[in-house]
*Asks:* 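Have a look at this one before I ask anything.
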Amino acid sequence: RQSIIKVALDVPLFKLFDYKLNKNCTFKLKKGCRVLVPFGKQKKVGIIIGFSNNTRIPSSKLRSFISIIDNEPILSMNDMKFISFASNYYQYPIGKVISAALPVQLKKGFPLISYIDQLSLTNHGKACSTSNLKKSAPKQAELLEILKIKVRLNEKDLNNLSPNWRRYYKGLIEKKLVKKDRVINNYRVNQKYIRPSSGPDLNSEQANAVNTIINEKKFKTFLIDGVTGSGKTEVYLHLIKNTLKNDKQCLILVPEIGLTSQFINRIIKRIGLIPHQFHSSCTENEKFITWKAIRDSKAEIVLGTRSAIFSPFKNLGIIIVDEENDVSYKQQEGFRYSARDLAIIKAKHCNIPVILGSATPSIESINQCKKNIYTKLQLTERAGEAKLPSMHLIDINKNKTKDGISDLLLKTMNEHLKKNGQILVFVNRRGYAPTLICKSCNHIEKCKRCDSRMTVYQSKNSLICHHCGSKEKLKTSCHVCGSEYIALGQGTQRIESALNKHFSSEWIMRIDSDSTKSKGSLDKALEAAKSGTAKILIGTQMLSKGHHFSSLTLVAIINADQGLFSNDFRGSERLAQSITQVAGRAGRENKKGQVLIQTEYPDHPFWETLFKGGYKNAIRLILEERKQTGWPPYSYIALLRTESHQKKFTWEFLKKSKLILSSNNSTIDILGPVSAPMEKKAGKYRGQLLLQSNNRKILNHCISSFIQEIESKKITRRVKWSLDIDPIELF
Ligand code: ADP
Ligand code: ZN
Ligand code: ZN
């Protein structure tokens with residue numbers, strides 16, 4: 001019998017922790033069970049990862065664990081395999097990865113199975129009438145009457161039906177009318193909701209996609225490359241139905257919470273089941289219940305954002321990743337995983353098909369199709385009668401704008417409104433204006449804690465930094481020369497107030513992260529947008545993808561120009577995606593759509609590429625460019641990010657790191673150190689090293705030996721550092 005258990009703890013260290021197994025310990029410990037262990041002066045909940053006979057810890061310092069929490073593993077072998085893959089691949093401590101995978105209650109050591117109180121009628125209680133009781137103890141009589149309808153009620157139901165039941169039930173127990181038990185707290189099991197409707201007949205491309213995937217019973221990655229409105233969701237629904245028919249569970253990932261309600265409604269309508277949801281607007285308790293239902297195969301359809309990929313499925317049959325190119329699938333802090341990429345790993349571990357879908361597939365996925373690693377399924381036309389919208393540029397050098405809006409655009413908007421069409425005005429910045437500038441000396445108001453401009457919020461009479469949240473009072477005169485300050489550029493709020501002047505009789509609705517902060521407000525706004533009652537929608541990225549607005553006929557892009565001159569190598573891919581996606585909101589049903597893009601650079605080659613050959617053509621050229629420059633997907637990259645309150649520590653750390661990395665004698669390229677383009681953020685100085693290689697294994701290996709070495713160095717105490725594997729934002 002082995003004498004040491006190896007435990008993963010939720011601490012930012014890469015190692016496992018050893019604890020002694022007492023000889024007289026009678027229960028059998030298993031991998032995947034939780035234990036309570038001493039950690040310094042604290043107690044911590046950990047997960048058993050393995051057993052061993054030896055440890056590096058001297059026996060005088062080796063401590064015993066305190067107690068065992070689970071008799072059976074809470075995570076299966078398959079879950080553990082997936083978690084260790086993620087930990088190795090993203091070079092993130094396994095205890096922290098497990099922490100990302102577990103509901104809060106389990107991390108705190110709560111039991112997996114919980115019990116609640118239940119009241120039920122005794123035989124005596126069933127027979128007894130309440131009329132006598134009514135005079136002597138009216139409240140008891142009331143509670144008894146409620147129980148007479150249901151016979152048995154648990155504490156959750158009682159809290160609803162009779163909030164003060166705890167004050168009165170004891171009297172009923174004394175009279176032997178009622179008894180109280182502890183019962184297992186069950187979660188909601190999917191029940192049939194409504195009779196599903198049959199939906200449209202699939203066209204031949206859709207049918208081909210469905211059949212190809214259904215016939216593949218094993219692991220395979222499919223890319224559904226379907227233009228906006230081509231009926232991808234319809235294909236997913238058929239796949240879900242088929243998976244349920246085989247008694248397997250479905251996992252559907254969407255990039256943002258805003259896209260869940262639309263999907264859920266379609267699933268309810270067409271499949272007749274209420275899916276389980278797993279995302280950040282669920283409460284911890286809801287997440288815990290869903291987690292357990294998934295683990296017991298009781299949750300048949302699970303729809304969630306990024307973190308749902310860590311759910312403990314027992315019997316998974318398919319994974320669908322909608323809008324696979326979306327940056328939201330990559331976590332941008334802490335454990336920087338890509339849920340899309342992990343979905344493929346999970347499908348491989350479960351030996352099931354995984355479906356990536358998008359109207360604007362990522363360059364990585366397109367490249368995998370070219371290499372025949374993924375199977376591409378195309379939907380080339382819009383479903384039903386709908387046609388793709390026409391696209392035109394408005395040259396704002398010739399068509400002068402006022403408050404960011406040209407006369408030509410106003411005129412077109414009027415035409416669409418007259419025909420009762422809905423309009424989406426896309427502005428990629430929130431607030432009133434992105435810049436406050438002095439009329440005479442050109443001084444710009446900057447954030448004191450960041451290298452960034454302050455955004456003007458006219459309505460709040462303030463200046464806010466979008467990077468650190470700093471807030472100041474709006475100034476009217478320049479603090480350098482005293483001249484007048486003016487707000488430069490357009491944010492959603494400025495466009496909103498300008499349009500309010502032009503279209504005072506229309507319902508104009510702005511939807512951005514400022515307007516949808518309170519719980520439920522986003523769903524409400526989207527409802528008004530979808531019903532078509534809000535005639536003019538003003539929105540950021542939030543509105544630009546995935547949504548189906550049936551009466552929307554005009555999309556206006558106020559200013560796409562910043563995207564043209566991005567210095568990130570992914571800039572043009574992103575621009576092509578966001579323009580194609582937002583354009584795809586127009587004309588999704590029987591009325592033809594139109595897209596107008598205001599630009600100062602109508603001759604920029606990007607436009608011709610996109611207009612002549614569409615997204616496919618743009619991507620073909622971008623892929624060509626990447627090949628020549630050696631950027632991903634033609635290489636693998638990782639970013640070592642560092643920040644500190646003192647610039648010299650940031651640089652000291654990065655220089656030391658470069659030394660360690662290059663002495664490892666490997667073939668990887670190390671670029672930097674350089675300071676981050678926004679060097680100062682929230683008062684900290686940031687810098688980075690870019691690591692690049694043609695070989696993923698070598699890069700991974702090199703980084704893990706680097707981590708082992710750097711962890712013991714003193715300089716790590718003076719900085720905050722992190723590794724980003726496959727970063728999607730370099731800056
Ligand atoms: P996507 O997910 O590709 O954006 P959707 O599945 O939302 O597309 O389909 C767009 C619209 O076309 C929806 O209103 C949908 O009901 C309709 N639709 C989808 N497939 C068909 C079909 N085969 N015949 C008729 N209408 C369809
Ligand atoms: Zn000035
Ligand atoms: Zn700031």
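Keep in mind the model is a prediction, meaning the values are calculated, not measured. Indexing begins at 1, ligand by ligand and atom by atom, following the structure's order.
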*Asks:* Among all the protein's non-hydrogen atoms, which is closest to atom 10 (C) of ligand 1, and how far away is it?
*Replies:*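 Protein heavy atom with the smallest distance to atom 10 (C) of ligand 1: G229 O, 3.8 Å.
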
*Asks:* Just to confirm my output: which protein heavy-atom neighbour is closest to atom 20 (N) of ligand 1, and how far is it?
*Replies:*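 It is Q206 NE2, 3.0 Å.
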
*Asks:* At a 4.0 Å threshold, what atoms of ligand 1 neighbour a non-hydrogen atom of N203?
*Replies:*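 Near N203, the atoms of ligand 1 are 23 (N).
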
*Asks:* Identify the protein heavy atom lying closest to atom 1 (P) of ligand 1, giving its residue, its atom name and the separation to 0.1 Å.
*Replies:*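 For this ligand atom, the closest protein heavy atom is K232 N, 3.5 Å.
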
*Asks:* Below 4.0 Å from ligand 1: does a non-hydrogen atom of S230 turn up there or not?
*Replies:*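 Contact check S230 vs ligand 1: positive.
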
*Asks:* Would one find more than 12 heavy atoms of other residues, nucleotides or ligands at under 6.0 Å from atom CD of E679?
*Replies:*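 Count over threshold, so yes.
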
*Asks:* Looking only at heavy atoms, what is the nearest atom pair of R686 and T650, with distance?
*Replies:*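 In this case the closest contact between R686 and T650 is C-CG2, 4.1 Å.
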
*Asks:* For atom 15 (C) of ligand 1, which candidate among R266, H548, E323, R585 holds the nearest heavy atom?
*Replies:*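 Selected option, by shortest heavy-atom distance: R266.
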
*Asks:* Record the part of L202 in heavy-atom contact with ligand 1 below 4.0 Å; permitted values are side chain, backbone, both and neither.
*Replies:*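 Near ligand 1, L202 shows its backbone, while the atoms from C-beta on stay back.
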
*Asks:* Identify the heavy atoms of K346 and I309 that sit nearest to each other, and give their distance.
*Replies:*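 Minimum heavy-atom contact is NZ-O, 3.1 Å.
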
*Asks:* What protein heavy atom lies closest to atom 2 (O) of ligand 1? Include the residue and the distance to one decimal.
*Replies:*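 Atom 2 (O) of ligand 1 sits closest to the protein heavy atom T233 OG1, 2.6 Å.
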
*Asks:* Any N/O/S atom of C447 sitting less than 2.8 Å from the Zn ion (ligand 3), backbone or side chain?
*Replies:*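 Looking at C447, which is the residue asked about, there is an N, O or S atom under 2.8 Å from the Zn ion (ligand 3).
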
*Asks:* Take the Zn ion (ligand 2) as the vertex and measure to SG of C441 and SG of C438; round to 10°.
*Replies:*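 Answer comes to 110°, rounded to 10°.
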
*Asks:* Closest approach of A209 and V235, non-hydrogen atoms and distance?
*Replies:*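 Scanning both residues completely, I find the closest heavy atoms to be CB-CG1, 4.3 Å.
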
*Asks:* So which heavy atom in the protein is nearest atom 24 (N) of ligand 1, and how far is it from that ligand atom?
*Replies:*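 Its nearest protein heavy-atom neighbour is P200 CB, 3.5 Å.
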
*Asks:* For Y236 and F263, take the angle between the two ring planes, folded into 0 to 90°, and tell me which bin it lands in: parallel under 30, tilted 30 to 60, perpendicular over 60.
*Replies:*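 Answer is parallel, since the angle falls under 30°.
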
*Asks:* With respect to atom 17 (C) of ligand 1, which of A383, G199, G226 exhibits the smallest heavy-atom separation?
*Replies:*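 Answer by nearest heavy atom: A383.
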
*Asks:* Does K376 have more than 12 heavy atoms from other residues, nucleotides or ligands lying within 6.0 Å of its NZ?
*Replies:*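 Counting other residues, nucleotides and ligands, NZ of K376 exceeds 12 neighbours.
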
*Asks:* Please confirm if an N, O or S atom belonging to C450, backbone or side chain, lies less than 2.8 Å from the Zn ion (ligand 3).
*Replies:*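 Yes.
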
*Asks:* Give a yes or no on whether the backbone of F549 and the side-chain of Q422 come within a donor-acceptor separation of less than 3.5 Å.
*Replies:*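 Looks like no, no N/O pair under 3.5 Å.
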
*Asks:* Looking at the Zn ion (ligand 2), is there an N, O or S atom belonging to C478 that lies under 2.8 Å away from it?
*Replies:*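 Yes - counting backbone and side chain alike, C478 has an N, O or S atom under 2.8 Å.
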
*Asks:* How about CZ on R718, more than 12 heavy atoms from neighbouring residues, nucleotides or ligands closer than 6.0 Å, or not?
*Replies:*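 Not buried by this count: 12 neighbours or fewer within 6.0 Å.
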
*Asks:* Who's closest to atom 23 (N) of ligand 1 heavy-atom-wise, of L237, V235, D201?
*Replies:*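 Going through L237, V235, D201 one by one, D201 has the nearest heavy atom to atom 23 (N) of ligand 1.
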
*Asks:* Under 2.8 Å from the Zn ion (ligand 2), is there any N, O or S atom belonging to H443?
*Replies:*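 Checking the Zn ion (ligand 2) against H443, no N, O or S atom falls under 2.8 Å.
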
*Asks:* To the nearest 0.5 Å, what is the distance between NZ (K616) and CG (L610)?
*Replies:*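 Answer rounded to 0.5 Å: 12.5 Å.
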
*Asks:* Over all heavy atoms of both residues, which pair between H467 and K681 is shortest? Give the atoms and the distance, please.
*Replies:*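 The answer is O-CE, 3.5 Å.
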
*Asks:* So, for P434 and G491, which heavy atoms are closest and what is the spacing to 0.1 Å?
*Replies:*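 Of all heavy-atom pairs spanning P434 and G491, the closest is CD-N, 4.3 Å.
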
*Asks:* Among protein heavy atoms, which sits nearest to atom 9 (O) of ligand 1, and what does the distance come to when rounded to 0.1 Å?
*Replies:*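 Of the protein heavy atoms, G231 CA, 3.5 Å lies nearest.
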
*Asks:* Nearest to atom 4 (O) of ligand 1, what protein heavy atom do you find, and at what distance?
*Replies:*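 Protein heavy atom with the smallest distance to atom 4 (O) of ligand 1: R588 NH2, 2.8 Å.
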
